[in-house]
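Read the structure below first, then the notes.
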Amino acid sequence: MNVTSSQAQTPNAEHSPLALLRDLVGRSAAATVGEGEPPAVRVERPKRADQGDYATNAAMLLAPRAGRPPRELAGTVASELAELMGGDLERHEIAGPGFINLFLSDGWHRGGLRTVLAAGERYGSGGASSPRRVLVEFVSANPTGPLVAASGRHAAYGDSLSRILEHHGHTVWREYYFNDAGGQIRLLGESVRARACGEEVPEGGYQGEYVRDLAERIEGSASLDADELAGRAIALLLREIEGTLERYGVHYDAYFSERTLHAGSPSYVERAFEVVAAGGHTYESDGALWLRTTSFGDDKDRVLRRSDGRVTYFAADLAYLLQKRERGVELQLLPVGSDHHGYVARMKAAFAALGGDPDDLEMPLIQFVHLVEGSERAAMSKRRGDFVTLDELLDEVGVDATRFFMLQRSHDRTVDLDLELARRESPENPVYYVQYAHARIVSMLGRLGPERLAAALAPGADWGSDPLDAAERELIKALLAFPDEVAEAAERRAPHRIVAYSLALAQQFTAFYRDCRVVGATPAEVESFRIALSEAARRTIATALRLLGVGAPDSM
RNA sequence: GCCCCCGUAGCUCAGCUGGAUAGAGCGACGGCCUUCUAAGCCGUGGGUCGCAGGUUCGAGUCCUGCCGGGGGCGCCA
């Protein structure tokens with residue numbers, strides 16, 4: 001029974017005071033209307049401080065069901081809740097169309113902080129109601145050149161999403177799939193061979209300077225044939241790509257070779273053909289083998305094997321989908337560039353033809369990053385060779401700022417990255433604001449002895465009972481929002497929400513730091529409480545940054 | 001022609017799948033360092049949420065149609 005809400009999944013109530021609160025509101029609402037499922041109430045922060053610590057729409061949701069006006073129901077819900085919460089609920093108001101504004105006690109806030117500290121590293125984790133085995137395949141740029149800057153968005157997105165899903169409670173594999181067979185690879189081999197022999201690259205070939213480098217670095221390149229050169233070039237380029245990604249903080253469980261799908265007898269490609277044929281989803285026409293993807297919503301059928309016997313890339317994609325499913329992957333996430341959106345229907349159809357549920361294959365579309373140099377657009381064509389590589393971008397802007405920038409915007413929006421600005425103003429990037437807050441806390445708490453810190457953080461530490469400062473209450477509420485934010489980011493596949501959260505949390509800490517003296521505060525119980533609050537903020541900032549793959553430095 | 005994404009402050013963008021008087025950063029203007037890090041803080045100015053309808057107690061959010069920007073539609077990837 002889902003007693004809580006439509007606000008994503010409910011994180012473990014024991015680690016989330018907010019989830020607990022939602023639970024209580026839901027029960028109060030259910031009690032108000034008698035029998036039936038508790039409604040999926042919302043409990044959220046109102047915009048204005050005088051509207052309470054939290055507000056709920058429970059009564060408005062019940063109104064249609066109960067056939068009574070929301071404000072009337074609100075009174076009953078609120079008194080039910082008051083009974084359940086005792087002194088934690090200081091007072092409540094019924095406002096506007098039927099909101100119940102909740103004013104929570106200082107004791108509730110202090111208890112919330114204890115919960116955060118008790119959860120430790122696990123704070124905000126484990127909210128997935130049904131943990132799944134998830135595979136995220138991302139970047140997967142063909143090793144026909146260095147990674148371009150735009151790949152930095154895919155890499156940051158896929159990696160951060162993986163981290164968030166793991167924190168949320170899923171089991172996650174990260175894979176990079178690369179083509180090392182087929183036409184583009186042959187073309188690469190021919191391009192290298194041409195350069196090795198001092199010739200012009202063939203029509204449509206790869207013209208970048210790196211192709212000459214490859215020709216030089218491969219020993220005896222002039223005397224090797226194109227196939228051999230392609231193989232050597234791919235190995236070199238893949239190693240470089242991996243190096244760039246590692247530098248960027250992106251670690252894969254596997255770099256998956258397309259070629260392995262064609263190997264063995266029967267190969268995965270052949271097995272995949274058998275599976276879809278057994279389902280009656282294939283047919284021969286004009287000498288080619290087709291997959292009837294139109295049965296599953298695609299707008300035309302797709303070729304698996306051409307009339308000349310060669311299989312298509314799509315056939316390999318089909319085989320890879322099968323291979324992943326047979327390994328026990330329950331959810332496949334495949335973020336791709338928005339220019340690949342035409343693939344979504346056929347991939348989902350392929351997955352369905354293999355017997356899968358199309359909902360278990362998701363392909364978030366990632367919009368482009370345009371590199372702008374002042375007012376000019378920097379082009380990024382690999383074949384023409386006039387691109388900015390990810391490595392060059394990292395040299396200019398740095399890993400943390402690049403990741404933060406790439407993740408800051410929702411993935412379905414195009415972004416312009418002004419290199420001039422990034423270079424000049426990188427110290428003013430918001431990422432430093434968040435990191436600065438973290439470093440500041442480390443520095444501040446570093447003034448204390450370890451035993452003082454431990455005493456303040458101890459589960460039974462005396463934090464006194466003085467009225468809390470507004471900034472203290474706000475900071476606690478910012479901390480309590482974290483589990484919901486993780487859940488939201490995970491379920492909407494939206495790492496950018498963690499970026500926004502990290503900024504908001506850093507801002508709340510800074511306001512607290514401005515208003516409340518920590519080290520040396522009197523009496524000692526207040527100092528203890530503020531130490532604990534600062535440490536909880538530090539840990540949560542560090543966790544949020546970790547989910548983004550951004551460092552949390554001790555000093556700046 | 002069909003399909004996908006977007007249109008919110010001067011600029012770049014959030015807006016928690018329908019809630020109360022729409023927010024942040026940057027830029028502009030004016031202030032703040034003998035006091036736990038000034039990569040910081042405080043204040044001011046800035047909006048017909050592209051346009052027009054619709055759904056309802058309530059729409060930046062959902063539906064329809066336009067307008068504008070970006071991208072995609074092959075036995076290429």
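Letters A, B, ... are given to chains in the order of the sequence lines, protein chains preceding strands, and every chain is numbered from 1.
- In this structure, A/H340 reaches neither bases nor backbone, as no heavy-atom distance under 4.0 Å exists between it and the strands shown.
- Under the salt bridge (Lys or Arg N to Asp or Glu O under 4.0 Å) criterion, A/R45 pairs with A/E474, not counting sequence neighbours.
- One finds no side-chain N or O of A/R45 lying less than 4.0 angstrom from the OP1 or OP2 phosphate oxygen of B/C16.
- With sequence neighbours excluded, no residue forms a salt bridge (Lys or Arg N to Asp or Glu O under 4.0 Å) with A/R517.
- One interatomic measurement links the two molecules: CZ of A/R514 to C1' of B/C32, which rounds to 12 Å at whole-angstrom precision.
- Taking the six-membered ring where the residue is Trp, A/W290 and A/Y283 present parallel rings, their angle staying beneath 30° rather than reaching 60°.
- A pairwise comparison of heavy atoms in A/L479 and A/L533 identifies CD1-CD1, 3.8 Å as the closest pair.
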Start with the C-alpha gap between A/D484 and A/R22, add the side-chain angles, then the distance that decides, and say whether salt bridge (Lys or Arg N to Asp or Glu O under 4.0 Å) holds. CA-CA 11 Å; A/D484 284 359; A/R22 259 203 308 275; 3.0 Å; yes
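- For A/R68, the salt bridge (Lys or Arg N to Asp or Glu O under 4.0 Å) partners two or more places apart in sequence, or in a different chain, are A/E72.
- Taking the centre of each ring, A/Y320 and A/Y177 come in below the 6.0 Å mark.
- For A/K300 and B/G72, the NZ to C1' distance is 14 Å, given to the nearest whole Å.
- Judged by distance alone, the side chains of A/Q51 and A/N101 never bring a donor and an acceptor atom under 3.5 Å apart.
- Across the P atoms, B/A9 and B/C73 are found 32 Å apart, a figure rounded to whole Å.
- Legend: residues meeting side-chain contact (heavy atoms from CB on, under 4.5 Å) with A/R310, ordered by chain and number and at least two apart, are A/R306, A/D308.
- Within residues 53-63 of chain A, the residues that have a heavy atom under 4.0 Å from RNA chain B are, in order of number, A/A55, A/M60.
- At the heavy-atom level, A/D308 lies nowhere under 4.0 Å from the strands shown.
- RNA chain B contains the following stems of three or more consecutive Watson-Crick or G-U pairs, with both distances under 3.5 Å: B:1-7 with B:67-73, B:10-13 with B:23-26, B:28-32 with B:40-44, B:50-54 with B:62-66.
- Base orientation of B/C6: anti, the glycosidic angle falling outside 90° of 0.
- Distances shorter than 4.0 Å separate some side-chain N or O of A/R306 from OP1 or OP2 on B/C76.
- Counting any heavy atom pair closer than 4.0 Å across all strands shown, A/F99 reaches a base atom.
- If you check every strand for non-hydrogen atoms under 4.0 Å, A/R305 touches nothing.
- Atom CZ in A/F314 sits about 11 Å away from atom P in B/A77, given to the nearest Å.
- Among the heavy atoms of the strands, none lies under 4.0 Å from A/A504.
- One finds a side-chain N or O of A/R413 lying less than 4.0 angstrom from the OP1 or OP2 phosphate oxygen of B/G7.
- Across the C1' atoms, B/G25 and B/C63 are found 34 Å apart, a figure rounded to whole Å.
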